[in-house]
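Counting starts at 1 for both ligands and their atoms, in listed order.
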Amino acid sequence: MADTAPASSSTLTITQPDDWHLHFRDGDMLAMTVPATARVFKRAIVMPNLAPPVTTVAQAEAYRQRILAHVPEGMDFEPLMALYLTQDTSVQDVREAAQNPNIIGYKLYPAGATTNSSAGVRAVDAMGPVLETMQEFGVPLLVHGEVTEPEIDIFDREKVFIDRYLAPITQRYSRLKVILEHITTKDAVEFVTEAHELVAATLTPQHLLMNRNDLLVGGVHVHNYCLPVLKRRTHQEALQQAAISGNKKFFLGTDSAPHVQAKKETACGCAGCFSAFTAIELYAEAFAQLDALDKLEGFASHFGADFYGRPRNTKKIQLQRDIWQAPATVTHNGETWVPYWAGRDLQWQVVMAGA
Ligand code: NCD
Ligand code: ZN
């Protein structure tokens with residue numbers, strides 16, 4: 001596959017991208033979150049960590065309809081639903097999920113790892129029959145890869161999860177598609193690179209653009225707080241190299257995760273960066289900083305579709321080099337959100353989407 005070079009130094013045309021990991025939330029918020037993503041992306045994998053979580057095909061179908069009701073007129077957007085894996089998910093549940101083309105896979109949250117994960121898996125080792133069935137029926141496993149044991153340092157939780165759980169799972173189930181979501185460490189890059197060909201990873205804009213200094217130097221920067229937490233610069237650099245490597249195992253997943261301003265700017269702020277309003281532009285920013293804009297299309301628009309066995313999009317989007325600012329705040333129904341990168345300059349702007 002030939003890399004697409006920028007048409008000129010001031011415009012960049014790429015195949016319409018997909019977002020392989022995000023959070024839309026539910027209810028009134030869909031009127032804000034769905035158009036923000038459908039603005040640019042053709043498809044998105046919608047995470048199931050609602051309260052209560054989306055555990056059944058029927059719940060996912062109903063949620064999907066609520067999402068579709070908020071796709072603006074004339075926009076062509078396809079939500080792909082992830083089901084929430086619990087300790088009680090049965091082999092029969094997996095068989096049912098496998099029959100439904102709108103279900104993309106199961107999401108494994110270790111219980112307590114992140115927002116709305118209390119119903120998650122408490123004993124990964126006991127999930128054998130379910131994983132076996134997922135492998136047999138070709139249902140991918142999407143993983144929040146962090147252990148939750150209190151004695152494990154938060155900066156080590158991804159690596160320990162890989163060593164303790166993910167390495168054994170990928171060895172035992174060599175035909176199971178596994179996606180390690182929002183990776184944050186050099187260890188994860190190396191693990192995914194060396195694992196069998198059905199193991200892949202998503203990368204967020206914040207983990208490409210920032211490291212833990214951006215969270216903690218000069219004060220606590222709550223809007224840069226997400227899970228897995230930002231790591232040290234050497235890890236950021238490994239993620240950047242993976243993103244621009246052209247290795248098809250690494251692709252776009254924003255993990256856009258809105259929490260209202262009052263729940264971020266408080267003594268115990270929620271984890272999640274709300275990046276949907278500037279998502280592809282943030283990736284363009286990261287790739288431009290690395291002088292690798294020619295690698296953006298594969299990462300954003302080809303590799304995820306190829307991995308999930310879905311057709312590549314046929315429409316194009318065009319970005320233009322033009323300094324602009326991410327919104328400082330977004331208001332909807334009387335509530336306020338502070339998006340990720342709020343008020344900061346971006347070098348690239350979408351000027352044409354989905355044509
Ligand atoms: C996500 C959320 O808010 O739902 N938060 C986050 O920090 N990434 C959950 C998740 O993906 O871990
Ligand atoms: Zn997420």
I'd like to know if Arg312 and Asp306 make a salt bridge, using a cut-off of under 4.0 Å between side-chain N and carboxylate O.
yes
Less than 6.0 angstrom separating the ring centers of Phe251 and Phe307, yes or no?
yes
Could you tell me, atom by atom, which parts of ligand 1 come under 4.0 Å of a heavy atom of Asp255?
6 (C), 8 (N), 11 (O)
Which of the numbered atoms in ligand 1 are under 4.0 angstrom from any heavy atom belonging to Cys226?
7 (O)
Residue, atom and distance of the protein heavy atom nearest atom 10 (C) of ligand 1 read Thr114 OG1, 3.4 Å
For His21, the ligand 1 atoms with a heavy-atom partner under 4.0 Å come out as 11 (O)
Does a salt bridge link Glu285 with Arg344, judged by any charged N lying under 4.0 Å from a carboxylate O?
no
Any idea which atoms of ligand 1 are less than 4.0 Å away from a heavy-atom of Leu227?
6 (C), 7 (O), 8 (N), 12 (O)
Below 6.0 angstrom between ring centroids: does that apply to His182 and His144?
yes
NZ/NE/NH1/NH2 to OD/OE distance under 4.0 Å, Glu281 and Arg39
yes
Going by the 4.0 angstrom heavy-atom rule, the piece of Asn49 near ligand 1 is side chain
Of Lys107, Gln206, His23, His144, the one whose closest heavy atom lies nearest atom 11 (O) of ligand 1 is His23
Going only through I, L, V, M, F, W and Y residues with side-chain contacts under 4.5 Å, is there a path from Leu208 to Leu180?
yes
Please list the nearest protein heavy atom to atom 5 (N) of ligand 1 with its residue and the distance rounded to 0.1 Å.
Ala271 O, 3.1 Å
Any heavy atom of Lys263 sitting closer than 4.0 Å to ligand 1?
no
Regarding Asp163 and Lys159, does a basic nitrogen lie under 4.0 Å from an acidic carboxylate oxygen?
yes
Quick check, are the ring centers of Tyr283 and Phe299 under 6.0 angstrom apart?
yes
Could you go step by step and tell me if Glu181 and His21 meet the side chain to side chain donor-acceptor pair (under 3.5 Å) rule?
CA-CA 8 Å; Glu181 301 286 359; His21 177 136; 3.0 Å; yes
Looking at ligand 1, would His259 count as a contact under a 4.0 Å heavy-atom criterion?
yes
Can you tell me which portion of Glu181 lies within the under-4.0 Å heavy-atom range of ligand 1? Options are side chain, backbone, both, or neither.
neither
Has His182 got an N, O or S atom lying less than 2.8 Å from the Zn ion (ligand 2)?
no
Metal-centred angle, OD1 of Asp255 through the Zn ion (ligand 2) to NE2 of His21, rounded to 10 degrees
90°
